Amino acid sequence: MLRCIEEVRQTTVNPERTATDRKSLASLWKAIGKPDAATFEQEFRIVARWARESEDKAAAGDIRGIGWKDNQGTDRHRDIATLCRQERWAFRLELARKWSASMGTTSTSEPMDWTESDAARLVVQRVLDSAAELHHRDERILWLAKRTITHIGKRAAWRGKGSTVEWISAWRKEWPASVAAYAAYELEQQRKMAAK
């Protein structure tokens, strides 16, 4: 159960401070017929990833609160009780399995860590509707931010859309290519330095 909680929280947790979350998970586990622990963990982790990363309205809208009128939605993708809603479990699991298959991920693969991506996206998002320059203390984040926005249509294409599902989706789709491009750029810089 601890790995399920860590999947949702995206960090290590203190087992002594997880009683409420473990209770929610145990109630769900009992309600769905007490599957073996490994199967339950795999399925729950797929749902947690889907809730965190999918563009599906059931994940982005209902769980993460994206796209609500006047930004009134509440992001609950880190809330175990929300993910353990028994009356929605089968529906969410089905959507999560389809999403996982379409993304080419498996239940045992490690999820993409979006921390760096989100940091770079916010660098651009803060100045999206202005002509201000991009700034960040970390050169890597700045490079990745510039490369990603250039490849998804530049700022003009996204003005006024900085909090939409489409913006985040386009950014995340391009992000792996930006990371790969930065790795190639770094390698090229190292070769140049070694040649001097």
Side-chain angles (χ1 to χ4, degrees), residues 1-11 13 18 20-122 125 128 148 152-153 157-158 160-176:
M1 298 253 180
L2 196 60
R3 288 184 60 177
C4 293
I5 297 168
E6 289 178 341
E7 180 71 49
V8 174
R9 299 276 186 263
Q10 288 292 283
T11 188
V13 296
T18 61
T20 301
D21 290 337
R22 282 187 283 120
K23 185 176 178 181
S24 294
L25 285 162
S27 293
L28 174 63
W29 176 72
K30 289 175 187 171
I32 61 174
K34 299 182 181 178
D36 69 85
T39 300
F40 179 73
E41 180 182 306
Q42 286 178 345
E43 290 182 341
F44 187 86
R45 292 179 76 193
I46 289 172
V47 171
R49 290 178 197 153
W50 164 82
R52 183 173 61 245
E53 300 171 16
S54 174
E55 302 162 39
D56 188 323
K57 186 178 184 319
D62 294 346
I63 296 175
R64 294 198 310 273
I66 296 172
W68 284 58
K69 185 178 179 182
D70 300 323
N71 292 323
Q72 294 297 311
T74 301
D75 187 350
R76 291 192 171 95
H77 79 274
R78 291 181 190 264
D79 180 42
I80 299 284
T82 294
L83 297 181
C84 289
R85 294 274 301 272
Q86 294 171 21
E87 69 276 11
R88 295 190 180 184
W89 177 255
F91 172 69
R92 288 175 174 170
L93 179 58
E94 181 183 349
L95 291 176
R97 284 176 175 157
K98 288 178 183 174
W99 171 81
S100 182
S102 73
M103 297 297 287
T105 61
T106 65
S107 58
T108 57
S109 68
E110 288 305 309
M112 171 69 90
D113 181 356
W114 295 109
T115 307
E116 196 175 53
S117 168
D118 291 344
R121 180 172 48 81
L122 289 172
Q125 201 167 306
L128 199 58
T148 306
I152 63 172
W158 295 101
K161 300 177 183 175
S163 61
T164 63
V165 173
E166 292 79 17
W167 158 252
I168 296 169
S169 172
W171 187 275
R172 286 187 169 185
K173 281 181 181 170
E174 187 59 33
W175 183 253

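Remember, predicted model here, so these are calculated numbers, not experimental data.
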Close side-chain approach of [X] and [Y], heavy atoms under 4.5 Å:
X      : Y      : result
Leu93  : Phe44  : no
Glu55  : Trp99  : no
Arg9   : Ile80  : yes
Ile5   : Arg22  : yes
Lys34  : Phe40  : no
Ser117 : Trp171 : yes
Glu53  : His77  : no

Could you report the tightest heavy-atom contact between [X] and [Y], atom names first, then the distance?
X      : Y      : result
Ser54  : Arg64  : O-NH2, 2.8 Å
Ala170 : Ile152 : O-CG2, 3.6 Å
Ser100 : Ile46  : CB-CG2, 4.2 Å
Val8   : Ala48  : CG2-CB, 3.8 Å

Subject >> For Glu94, all residues meeting salt bridge (charged side-chain N to carboxylate O under 4.0 Å, His left out), sequence neighbours excluded >> reply: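 Glu94 satisfies salt bridge (charged side-chain N to carboxylate O under 4.0 Å, His left out) with Lys98 once adjacent residues are dropped.
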Subject >> Partner set under salt bridge (charged side-chain N to carboxylate O under 4.0 Å, His left out) for Glu41, not counting sequence neighbours >> reply: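 Checked Glu41 against salt bridge (charged side-chain N to carboxylate O under 4.0 Å, His left out); matches are Arg3, Arg45.
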Acceptor/donor pairs from residues 26-33 side chains to any protein atom, 3.5 angstrom cut, sequence neighbours excluded:
residue: Ser27; atom: OG; partner: Lys23; partner atom: O; Å: 3.1
residue: Trp29; atom: NE1; partner: Pro35; partner atom: O; Å: 2.6

Original post:
Do we see a donor-acceptor contact under 3.5 Å between the side chains of Asp21 and Ser24?
Top reply: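 Side chains of Asp21 and Ser24: no pair found under 3.5 Å.
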Subject >> Residues Trp158 and Glu166: side-chain donor-acceptor under 3.5 angstrom >> reply: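 Looking only at side-chain atoms, Glu166 and Trp158 do not form any donor-acceptor pair under 3.5 Å.
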Subject >> Sidechain-backbone polar pair: Arg52 side chain, Val47 backbone, donor-acceptor under 3.5 Å >> reply: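 Absent.
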Subject >> Gap between atom CG of Leu83 and atom CD1 of Ile63 - 0.5 Å precision >> reply: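 CG of Leu83 is found 5.5 Å from CD1 of Ile63.
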Subject >> With Glu43, the salt bridge (charged side-chain N to carboxylate O under 4.0 Å, His left out) member among Arg97, Arg49, Arg92 >> reply: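 Exactly one option meets the salt bridge (charged side-chain N to carboxylate O under 4.0 Å, His left out) with Glu43, and it is Arg97.
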